[in-house]
Number of protein chains: 2
Amino acid sequence: MGTTKTDIHSIDTIEVAQVAKVLAHPARVAILKYISEQEGCICNDITEEVGLSQATVSQHLQVIRDAGLIQGNVKGKSVCYCLSKSNFDQFSVVMDQFFKGLLK
Amino acid sequence: MGTTKTDIHSIDTIEVAQVAKVLAHPARVAILKYISEQEGCICNDITEEVGLSQATVSQHLQVIRDAGLIQGNVKGKSVCYCLSKSNFDQFSVVMDQFFKGLLK
DNA sequence: AATCATCATCGTAATATTGCAATATTACGA
DNA sequence: TCGTAATATTGCAATATTACGATGATGATT
């Protein structure tokens, strides 16, 4: 136990849950907001902005990256993160359709 | 550790994360879908529909109820759950604004 | 080369979540 | 009142998540 049962549910259902899971932590929401505000990217500053240790921020960044919401471009010693808008847009659609589906 | 730091983030950020957290489990997404499909309500059937034990479903229902997304009306020995559309609509707005804010 | 800055990863402690069996609880019908 | 059906709650085991210090890896600076 402790493991989420996934084989029970439809693809659609799982997709909504996966999208939501990425946004289910305030640090990840804050990181996404910050990255998008900086238009381009920036990186180490996230640690300062968010108020968590570098290791923790890096972990959250990995979750967001694995979900395909951001891209990291290496620039010398620093890494520039920026939104992958198309994927983010898809996330938006998934959630939107879920809400609309239930509210119709 | 293991605890999410919340005092660091803005109200808006925390709100998005809280909404997302409710939807971050496929069982809860499935339950919400099922309840809304049944227009009115129904209840014990959820257990069968979702494929988890009664205890587990009841737990998930509590999470959804605590978030204010559903209401349970007692009808004899069974409980009829139905969406509280206004709250659900608010959830929808929170997420929508988050996505729109980042994509603009 | 030696050092520093930036980031990722590893290891680990603390806590949260998931899932279920067992056990209440509540309401109804016999 | 007894039995039963429908839910909720409790207690627990398994696993996941969160957070951070320490350690690597890599490129820049001296």
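Within every chain, numbering begins at 1; the chains are lettered A, B, ... in the order of the sequence lines, protein sequences first and strands thereafter. Note that this is a predicted model, so its numbers are computed, not measured.
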Taken to the nearest whole Å, NZ/B:K5 to C1'/D:dC20 is 9 Å
Assert: residue with more 5' nearest nucleotide on DNA chain C, out of B:T56 and A:V79, is A:V79
Could you check whether any side-chain N or O of A:S84 sits under 3.5 Å from a backbone N or O of A:G68, counting only pairs where one atom can act as donor and the other as acceptor? yes
Heavy-atom nearest nucleotide on DNA chain D taken for A:K21 and for B:R65; more 5' hit belongs to B:R65
Value for CD1 (A:I64) from CD (A:Q71), rounded to nearest 0.5 Å, stands at 13.5 Å
- Task: Give A:T4 one of three labels, base, sugar-phosphate or nothing, depending on what nucleic acid heavy atoms sit under 4.0 Å from its own.
- Result: sugar-phosphate
First and last nt of DNA chain C near chain B, cut-off under 4.0 Å to heavy atoms, 5' to 3', are C:dA13 to C:dC28
Close side-chain approach of B:D12 to A:K33, heavy-atom, < 4.5 Å
yes
*Identify whether any heavy atom of A:T3 sits under 4.0 Å from a base atom; if not, whether one sits that close to sugar-phosphate; answer base, sugar-phosphate or nothing.*
sugar-phosphate
- Query: Looking for any heavy atom pair under 4.0 Å, which part of the strands does B:S58 touch: base, sugar-phosphate only, or nothing?
  - Reply: base
Item to check | Heavy-atom check, side chain of A:H60 versus side chain of A:T56, under 4.5 Å | outcome: yes
Discussion item. Using only atom types and a distance under 3.5 Å, with no angle test, would you say the side chain of B:R28 pairs donor to acceptor with the backbone of A:A17?
Written reply: no
So CZ of A:F91 and CG of B:L103: to nearest 0.5 Å the spacing works out to 12.0 Å
Across every strand shown, the nucleotide meeting Watson-Crick or G-U wobble geometry with D:dG27 (both distances under 3.5 Å) is C:dC4
Next on the checklist: Just to be sure I understand the rule, does A:S78 reach a base, reach only the sugar-phosphate, or reach nothing, if contact means heavy atoms closer than 4.0 Å?
Outcome noted: sugar-phosphate
By the Watson-Crick or G-U definition, both distances under 3.5 Å, C:dG29 is matched with D:dC2
When A:R28 and A:K75 are each assigned the nearest nucleotide of DNA chain D, the 5'-most assignment goes to A:R28
